[in-house]
Amino acid sequence: MQSSFARAAITFVGARITRVGWDRFGAALAATLAAGPALAQDGGGKIDAADTAFMIAATALVLMMTLPGLALFYSGMVRKKNVLATMAQSLIATALVSLLWIGVAYSLAFSGDGAFIGDASRSLLAGIGLDTVSPSAKTIPEVLYMLYEMTFAVITCALVAGSVAERMKFSAFMLFCTLWLFIVYVPSAHWVWGGGFLQKMGLLDFAGGTVVHINAGIAGLVCALVLGSRVGFGRENLSPFDLSLAVVGTGLLWVGWFGFNGGSALAANSRAVFAIVATHLAACAGALVWSGLEWFQRGKPSVLGVISGAVAGLGTITPASGYVLPWHGVVIGIIAGGVCYWFCTVAKYKFRYDDTLDVFGVHGVGGIMGTLLAGVFATRAITASEGDPGVAGLLEGDPHQLYVQAIGVLVTIVWGVIGTLVTLKIVSMITPLRVAYDDEREGLDIALHGEALHQ
């Protein structure tokens with residue numbers, strides 16, 4: 001018998017679907033199937049060849065972050081018997097989320113002017129032609145803007161898998177990605193980037209501190225707590241199989257982050273370059289601080305510590321990257337290396353939650369810090385444009401911006417917790433979330449996919 005919580009969850013999801021208006025979705029679908037591409041420019045802009053070329057490259061870089069970047073990074077940090085299963089999660093997230101994004105998720109996130117959710121007018125790319133532009137990116141084709149934003153949705157869902165690696169069922173993960181995309185990611189993307197209430201409030205999130213990193217980190221923590229620890233956690237040796245894979249994955253993530261943060265300028269301009277420089281410096285500082293702390297406390301700097309610190313710096317600079325000066329990136333990276341190190345090496349074991357690949361400790365904590373630090377370091381020299389005086393942070397005398405950032409962080413955390421719990425409850429009503437004990441002992445490669453690495 002369904003619990004009251006389950007019934008409330010189903011009612012909630014049904015209400016959300018109803019609110020987007022299936023009459024509008026049907027009209028958009030019919031228009032898409034019956035007509036060829038629309039050729040009108042909807043955003044009042046003009047497509048620029050240089051911006052388009054830059055954004056094609058940025059889109060490819062961000063997709064590379066998931067495939068093969070995240071797949072290698074994650075699989076190198078699990079045990080040998082789970083390497084293929086871990087890679088499979090990144091692969092299936094890419095395929096599944098991409099189709100859902102084009103189908104209706106992009107439209108709900110980036111069309112319409114609702115405070116909480118968009119509309120279905122762009123479902124199946126209805127109304128998007130060769131020359132159509134988005135109001136959010138007026139110098140590139142809207143279909144390219146859609147594709148770029150799709151890569152963010154893909155990697156966010158794939159990131160969550162790191163918290164429950166080595167124990168979540170493949171079918172459960174597929175269902176989780178499908179539901180969580182619409183319950184958590186799409187509304188959050190609309191609030192922050194699609195004209196929703198947080199964007200109108202003035203929240204600064206250049207490339208995904210809230211939408212990507214806090215959402216993934218909070219979801220990962222909730223999933224880890226709900227599924228429970230791996231068999232043998234805290235008692236057995238759960239050391240990584242092949243850190244060389246993780247190092248290669250880190251390199252791909254690091255380079256891909258230039259497209260992640262630099263591309264969020266949505267144009268080939270100086271702001272994109274400043275974002276890339278701040279991103280690189282934050283990664284360098286994070287890597288040095290994390291490994292330095294480890295060297296001081298344990299006597300040896302591990303390779304795992306260097307790559308973890310780099311990713312912590314990259315994740316933490318993300319929301320602030322397009323609003324700060326390069327030296328701010330160094331400071332943010334230093335803070336990221338120290339705080340994320342503590343969460344991953346002390347808090348995780350003190351509170352005994354098994355976040356397998358430290359998604360919360362690196363991405364969740366980094367996203368929270370980076371979003372708040374954007375309100376500290378934002379500078380008018382970077383954010384100002386023609387007709388816009390720009391945004392100043394706390395260091396330039398505007399404490400209000402930090403207040404707005406704190407609201408954005410709080411809203412994202414609360415929604416992430418509620419939405420992830422709802423998602424897990426619905427999935428658990430369809431299929432068990434976790435593999436059987438014997439399957440976990442045997443390894444997910446064999447148990448779930450019937451394959452294994454060569455001995």
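Every value quoted in this text rests on a predicted model; they were computed, and no experiment measured them. Index from 1, following the sequence.
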(request) Could you check if a side-chain atom of Ser136 sits within less than 4.5 angstrom of a side-chain atom of Tyr145, using non-hydrogen atoms only? (result) yes
(request) Please step through side chain to side chain contact (heavy atoms under 4.5 Å, CB included) for the pair Leu314 and Thr318, ending with a clear verdict. (result) CA-CA 6 Å; Leu314 290 165; Thr318 291; 5.6 Å; no
(message) Are Tyr323 and Phe377 an aromatic pair, judged by ring center distance below 6.0 Å?
(response) no
(request) Over all heavy atoms of both residues, which pair between Ala172 and Val427 is shortest? Give the atoms and the distance, please. (result) O-CG1, 3.8 Å
(request) Let me know which of Leu63, Leu61, Thr66 forms a side chain to side chain contact (heavy atoms under 4.5 Å, CB included) with Thr151. (result) Leu63
(message) Exactly one of Arg434, Arg167, Arg79 should register a salt bridge (charged side-chain N to carboxylate O under 4.0 Å, His left out) with Glu440. Which one does?
(response) Arg434
(message) With a sphere of 6.0 Å drawn around OH of Tyr349, does it hold more than 12 non-hydrogen atoms of other residues, nucleotides or ligands?
(response) no
(request) Indicate yes or no for a side-chain donor-acceptor contact from Tyr148 to the backbone of Ser264 under 3.5 Å, with no hydrogens or angles considered. (result) yes
(request) Determine, step by step, whether Lys81 and Asp445 satisfy the salt bridge (Lys or Arg N to Asp or Glu O under 4.0 Å) criterion, reporting the C-alpha distance in whole Å, the side-chain angles of both residues, the deciding distance to 0.1 Å, and the verdict. (result) CA-CA 6 Å; Lys81 61 184 179 180; Asp445 290 359; over 6 Å; no
(request) For Asp439 and Val435, indicate whether the former's side chain and the latter's backbone hold a donor-acceptor pair under 3.5 Å. (result) no
(request) For Tyr437 and Glu442, test the side chains for any donor-to-acceptor distance below 3.5 angstrom and give the result as yes or no. (result) no
(request) Please examine the side chains of Asp48 and Ile140, heavy atoms only from C-beta on, and report whether any two atoms are closer than 4.5 Å. (result) no
(message) I need the minimum non-hydrogen distance between Arg271 and Gly322, along with the two atoms involved.
(response) NE-O, 2.8 Å
(request) Determine whether Tyr74 and Val359 make a side-chain contact, defined as any pair of heavy atoms from C-beta on separated by less than 4.5 Å. (result) yes
(message) For His190 and Phe110, I'd like to know if the aromatic rings sit close, meaning centre-to-centre distance below 6.0 Å.
(response) no
(request) Salt-bridge test for Lys348 and Asp355: reply yes if a basic N is under 4.0 Å from a carboxylate O, no otherwise. (result) no
(request) For Thr420 and Cys223, work out which heavy atoms get closest and say how close. (result) CG2-SG, 4.0 Å
(request) Evaluate the criterion ring pair (Phe, Tyr, Trp, His ring centres under 6.0 Å) for residue pair Phe152 and Tyr185; output intermediate values, then yes/no. (result) CA-CA 10 Å; Phe152 280 67; Tyr185 185 88; 8.5 Å; no
(request) Determine whether Val226 and Leu421 make a side-chain contact, defined as any pair of heavy atoms from C-beta on separated by less than 4.5 Å. (result) yes
(message) Under a plain distance cut-off of 3.5 Å, with no hydrogens placed, do Asp51 and Thr139 share a side-chain donor-acceptor pair?
(response) yes
(request) Taking all non-hydrogen atoms of both residues into account, name the closest pair between Val362 and Cys344 and its distance. (result) CG2-SG, 3.8 Å
(message) Centre-to-centre under 6.0 Å for His280 and Trp257, is that the case here?
(response) no
(message) Side chains of Pro240 and Val78, heavy atoms from C-beta outward: is any pair under 4.5 Å?
(response) no
(request) Please indicate whether Trp295 has more than 12 foreign heavy atoms, meaning atoms of other residues, nucleotides or ligands, lying under 6.0 Å from its CH2. (result) no
(request) Just say parallel, tilted or perpendicular for the rings of His363 and His213, cut-offs at 30° and 60°. (result) parallel
(message) A quick test of your reading: do over 12 heavy atoms of other residues, nucleotides or ligands sit less than 6.0 Å from CZ of Phe274?
(response) no
(message) Using a 3.5 Å distance criterion without hydrogens, assess whether the side chain of Ser428 forms a donor-acceptor pair with backbone atoms of Lys425.
(response) yes
(message) What I want to check is whether the side chains of Gln405 and Thr371 have a donor and an acceptor closer together than 3.5 Å.
(response) no
(request) Taking the side chain as every heavy atom from C-beta outward, state whether Leu394 and Gln401 have any pair of such atoms under 4.5 Å apart. (result) no
(message) So, applying side chain to side chain contact (heavy atoms under 4.5 Å, CB included) with Val143, which one of Leu125, Val133, Ile102 is it?
(response) Leu125
(message) If we ignore hydrogens and angles and just use 3.5 Å, is the side chain of Asn261 paired with the main-chain N or O of Thr279 as donor and acceptor?
(response) no
(message) Tell me whether His449 contacts the main-chain N or O of Ile446 through its side chain, where contact means a donor paired with an acceptor under 3.5 Å.
(response) no
(message) With a 3.5 Å distance limit and no angle check, can you tell me whether Ser107 reaches the backbone of Arg122 through a side-chain donor-acceptor pair?
(response) yes
(request) Look only at the side chain of Thr356 and the backbone of Ser163, and say whether a donor-acceptor pair between them is shorter than 3.5 Å. (result) yes
(request) Answer with yes or no whether the side chains of Thr86 and Glu166 bring together a donor and an acceptor at under 3.5 Å. (result) no
